**Q** 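Sharing a structure here in structure tokens format.
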Amino acid sequence: MPVRGERLHFWQSRESDILEERDGIAFPRDPAALTTLLGPFLPAHPSLPADRLPAWVVLEELGGGAPVQAVGRITGPHARFYFRARHDSWSISISADPEVDPVDVGGTEGAYFYHEEDFGYVADEASYMPLDTARFFIVRELSRWRESRVDGG
């Protein structure tokens, strides 16, 4: 339950109240204290530092918040991609068709690929996804797509 800001979200306060009332467990209402208390019990998100990016992936842009977005291209086979993380999920779309912008891809057929996943432990966590985490998901899905193309898919 990592918390950003100076106050808990309404649902975090509500859940803390329910646990306190039902089970007698008192949680701090200070976001920093609550994150310190519960953070070690949550699995860490995967990450990929910029210096570990494969040579066949070209990130032209990666950044932002609400949403985090990336655009780029890959070589062998050639394709362009668009990544977006917002609210509680992220998605990536790939287009191997030079006439079709990956932003317009919504399905997986032929020269196109689209994948979406839920992300985070709190509301809007995907909107502020760390860039190393975004890079990990981008490379994971580009690798998956690339392997399917090389294997004849």
Side-chain angles (χ1 to χ4, degrees), residues 1-16 18-19 31-32 34-153:
M1 183 187 286
V3 181
R4 289 179 176 67
E6 297 179 19
R7 298 182 337 169
L8 297 178
H9 292 286
F10 79 92
W11 64 270
Q12 291 168 323
S13 292
R14 184 189 69 221
E15 292 300 317
S16 295
I18 290 169
L19 286 170
L34 190 57
T35 298
T36 299
L37 177 68
L38 299 177
F41 300 102
L42 299 173
H45 294 302
S47 68
L48 180 68
D51 63 352
R52 304 264 325 266
L53 199 65
W56 52 270
V57 176
V58 179
L59 270 174
E60 296 164 353
E61 291 182 38
L62 171 61
V68 172
Q69 297 181 91
V71 293
R73 55 191 166 79
I74 65 173
T75 60
H78 295 282
R80 294 176 300 144
F81 67 87
Y82 172 66
F83 173 88
R84 183 173 191 253
R86 186 161 186 231
H87 298 304
D88 61 354
S89 65
W90 61 267
S91 64
I92 188 167
S93 50
I94 303 169
S95 174
D97 182 341
E99 302 297 318
V100 177
D101 190 320
V103 171
D104 298 327
V105 171
T108 301
E109 65 276 336
Y112 312 115
F113 176 85
Y114 179 85
H115 181 75
E116 184 173 345
E117 282 186 22
D118 291 339
F119 178 84
Y121 304 111
V122 297
D124 291 321
E125 189 171 350
S127 296
Y128 304 97
M129 179 185 287
L131 299 184
D132 282 354
T133 300
R135 203 175 289 110
F136 173 86
F137 289 129
I138 291 166
V139 170
R140 184 187 76 185
E141 294 309 312
L142 292 177
S143 296
R144 202 170 116 201
W145 178 81
R146 188 173 185 238
E147 287 172 17
S148 75
R149 302 297 287 187
V150 171
D151 291 342

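On a predicted model such as this, the values are computed, not experimentally measured, just so you know.
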**Q** Where is the tightest heavy-atom contact between Ser93 and Pro102, given as atom of each residue plus distance?
**A** OG-O, 2.6 Å
**Q** Please name the pair of heavy atoms, one in Ser95 and one in Val105, separated by the smallest distance, quoted to 0.1 Å.
**A**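 Looking at all heavy atoms of both residues, the shortest contact is CB-CG2, 4.0 Å.
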**Q** Mind listing the closest non-hydrogen atom pair of Trp145 and Ile94 along with its distance?
**A** CB-CD1, 3.6 Å
**Q** Considering residues at least two apart in sequence or located in another chain, which fulfil the ring pair (Phe, Tyr, Trp, His ring centres under 6.0 Å) criterion with Phe83?
**A** Trp90
**Q** Would you please name every residue forming a side-chain hydrogen bond (donor to acceptor under 3.5 Å, both in side chains) with Asp97, sequence neighbours left out?
**A**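 Expected list: Tyr112.
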**Q** Could you list the residues that satisfy side chain to side chain contact (heavy atoms under 4.5 Å, CB included) with Ser89, not counting sequence neighbours?
**A**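 If we apply the side chain to side chain contact (heavy atoms under 4.5 Å, CB included) test to Ser89, skipping adjacent residues, the hits are Glu116, Asp118.
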**Q** For residues 78-88, which residue pairs pass the salt bridge (charged side-chain N to carboxylate O under 4.0 Å, His left out) check, not counting sequence neighbours?
**A** none
**Q** Of all heavy-atom pairs between Arg149 and Pro77, which one has the smallest distance, and what is that distance?
**A**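 Distance-wise, the nearest heavy atoms are CB-CG, 3.7 Å.
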**Q** Let me check something: any side-chain donor-acceptor pairs from residues 56-75 under 3.5 Å, sequence neighbours excluded? List them with distances.
**A**
| unit_1 | atom_1 | unit_2 | atom_2 | d |
| --- | --- | --- | --- | --- |
| Glu60 | OE2 | Arg73 | NE | 3.1 |
| Gln69 | OE1 | Tyr82 | OH | 2.5 |

**Q** For residues 134-143, dump all side-chain donor-acceptor pairs below 3.5 Å to protein atoms at least two apart in sequence or in another chain.
**A**
| unit_1 | atom_1 | unit_2 | atom_2 | d |
| --- | --- | --- | --- | --- |
| Arg135 | NH1 | Leu48 | O | 2.9 |
| Arg135 | NH1 | Asp132 | OD1 | 2.5 |
| Arg140 | NH2 | Glu117 | OE1 | 3.4 |
| Arg140 | NH2 | Glu117 | OE2 | 2.3 |
| Glu141 | OE1 | Arg144 | NH1 | 2.7 |
| Glu141 | OE2 | Arg144 | NH1 | 3.4 |
| Ser143 | OG | Val139 | O | 2.8 |

**Q** Using atom types as modelled and distance alone, determine if a side-chain donor or acceptor of Ser47 lies under 3.5 Å from a backbone N or O of Thr133.
**A** no
**Q** Looking only at heavy atoms, which two atoms of Ala96 and Ala79 are closest? And how far apart?
**A**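 The pair with the smallest heavy-atom distance is CA-CB, 3.9 Å.
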